[in-house]
**Student:** 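Next up is a structure, given as structure tokens.
Worth saying up front: this structure is predicted, and the values here are computed from it rather than measured. Sequence lines set the chain letters: A, B, ... in the order given, protein chains first and strands last, and positions in each chain run from 1. Values below: all heavy atoms of this structure, side chains included; hydrogens, waters and symmetry mates excluded.
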Amino acid sequence: DTGVSQDPRHKITKRGQNVTFRCDPISEHNRLYWYRQTLGQGPEFLTYFQNEAQLEKSRLLSDRFSAERPKGSFSTLEIQRTEQGDSAMYLCASSPNNMAGHYNEQFFGPGTRLTVL
Amino acid sequence: KQEVTQIPAALSVPEGENLVLNCSFTDSAIYNLQWFRQDPGKGLTSLLLIQSSQREQTSGRLNASLDKSSGRSTLYIAASQPGDSATYLCAVFNSGGSNYKLTFGKGTLLTVNP
């Protein structure tokens, strides 16, 4: 397994369009997270899945954002009616549920860079 | 609400120097603390994970310490190299409550000059 993968790596869109990002976690990691990072800031938590259940959503996740994780495998993050303020790096991470000594060590993917024109 | 602060925001050192990056957090009820490296435009690479019951972790030239009661962690880099140039991020995982997310600092931008 080569780690967490994300697709696409870069996305340029016009304001008002919808975009969808995909994340494939490390195999058998049942926890999956989405974060957003803007320039000069640390990543900020967006949402968390344990298997297919979405257990927590940040207040940053407005009603234009939706995330899914069907069958507890890959996840998608969709942004509807994009705004210029949505421009950021969207990072996905996964972690094992219970691994001795490494509980919730999170492994990040390369991110999707979104630019909204 | 957990807040994580990293000092300094930027650091420039000559190659070969030993250096220390600082991280502080306001809520000491953490489960663990992770240090990450981020290269420009890239994702995060996990460097070290320290459980709340541990005092330090070492990997190669890197040593991270944790003083949970005072809300502090340091990342020590020995014999720095130009390839160490990157942003270093500290993140804490809280126990209890919203215990699913990492809370990050803004990072320290390290430049190692040849």
Side-chain angles (χ1 to χ4, degrees), chain A residues 2-7 9-10 21 23 25-26 30-50 53-61 88-115, chain B residues 1-10 21 23-25 30-54 56-59 64 66 73 86-109:
Chain A
T2 57
V4 179
S5 62
Q6 293 187 244
D7 184 69
R9 297 291 303 277
H10 303 275
F21 310 141
C23 170
I26 294 172
N30 58 352
R31 296 185 166 198
L32 186 147
Y33 313 80
W34 285 97
Y35 293 83
R36 180 172 72 185
Q37 185 179 27
T38 54
L39 199 62
Q41 303 294 315
E44 294 176 289
F45 171 79
L46 292 179
T47 191
Y48 158 70
F49 290 86
Q50 180 151 329
Q54 188 174 21
L55 296 185
E56 187 171 353
K57 295 194 294 185
S58 163
R59 283 174 290 180
L60 292 175
L61 217 64
M89 174 79 89
Y90 290 83
L91 294 161
C92 176
S94 70
S95 70
N97 187 38
N98 188 13
M99 181 176 166
H102 292 272
Y103 180 72
N104 201 60
E105 182 173 9
Q106 298 190 20
F107 298 87
F108 282 75
T112 294
R113 169 75 65 189
L114 172 66
T115 302
Chain B
K1 177 188 173 185
Q2 178 72 272
E3 293 183 0
V4 179
T5 302
Q6 291 188 246
I7 295 173
L21 307 181
C23 172
S24 62
F25 46 94
I30 65 168
Y31 194 90
N32 62 39
L33 182 146
Q34 255 181 291
W35 281 95
F36 295 89
R37 169 187 172 134
Q38 186 173 33
D39 293 291
K42 306 292 186 182
L44 279 62
T45 300
S46 180
L47 298 174
L48 289 164
L49 172 78
I50 311 178
Q51 302 292 348
S52 62
S53 58
Q54 298 175 321
E56 64 178 316
Q57 281 286 334
T58 298
S59 175
L66 174 64
S73 176
T87 295
Y88 290 80
L89 292 155
C90 165
V92 297
F93 179 59
N94 274 83
S95 55
S98 297
N99 60 350
Y100 305 119
K101 64 180 182 181
L102 287 173
T103 302
F104 285 84
K106 293 184 178 181
T108 294
L109 176 62

**Student:** Please state whether the side chain, the backbone, both or neither of B:Gln38 comes within less than 4.5 Å of a heavy atom of chain A.
**Tutor:** side chain

**Student:** Can you name the nearest heavy-atom pair linking A:Gln41 to B:Lys106, along with the distance?
**Tutor:**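 Nearest heavy atoms, A:Gln41 then B:Lys106: OE1-CE, 3.2 Å.
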
**Student:** Restricting to non-hydrogen atoms, name the atom on B:Phe36 and the atom on A:Gln106 that form the minimum distance, rounded to 0.1 Å.
**Tutor:**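 Where B:Phe36 meets A:Gln106 most closely, the heavy atoms are CE2-O, 3.7 Å.
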
**Student:** Whether the side chain of A:Tyr35 engages the backbone of B:Leu102 through a donor-acceptor N/O pair (distance < 3.5 Å, no angle test) should be reported.
**Tutor:** yes

**Student:** Between A:Gln37 and chain B, with a heavy-atom cut-off of 4.5 Å, which part of the residue counts as in contact: side chain, backbone, both or neither?
**Tutor:**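 Side chain only.
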
**Student:** Working to the nearest 0.5 angstrom, can you tell me the gap between B:Ser46 OG and A:Phe107 CZ?
**Tutor:**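 Nearest 0.5 Å value for the OG-CZ distance: 6.0 Å.
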
**Student:** So, for A:Pro43 and B:Leu44, which heavy atoms are closest and what is the spacing to 0.1 Å?
**Tutor:**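 That would be CG-CD2, 4.1 Å.
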
**Student:** Under a 3.5 Å distance rule, please check whether A:Glu105 uses its side chain to pair with a backbone N or O of B:Leu49 as donor and acceptor.
**Tutor:** no

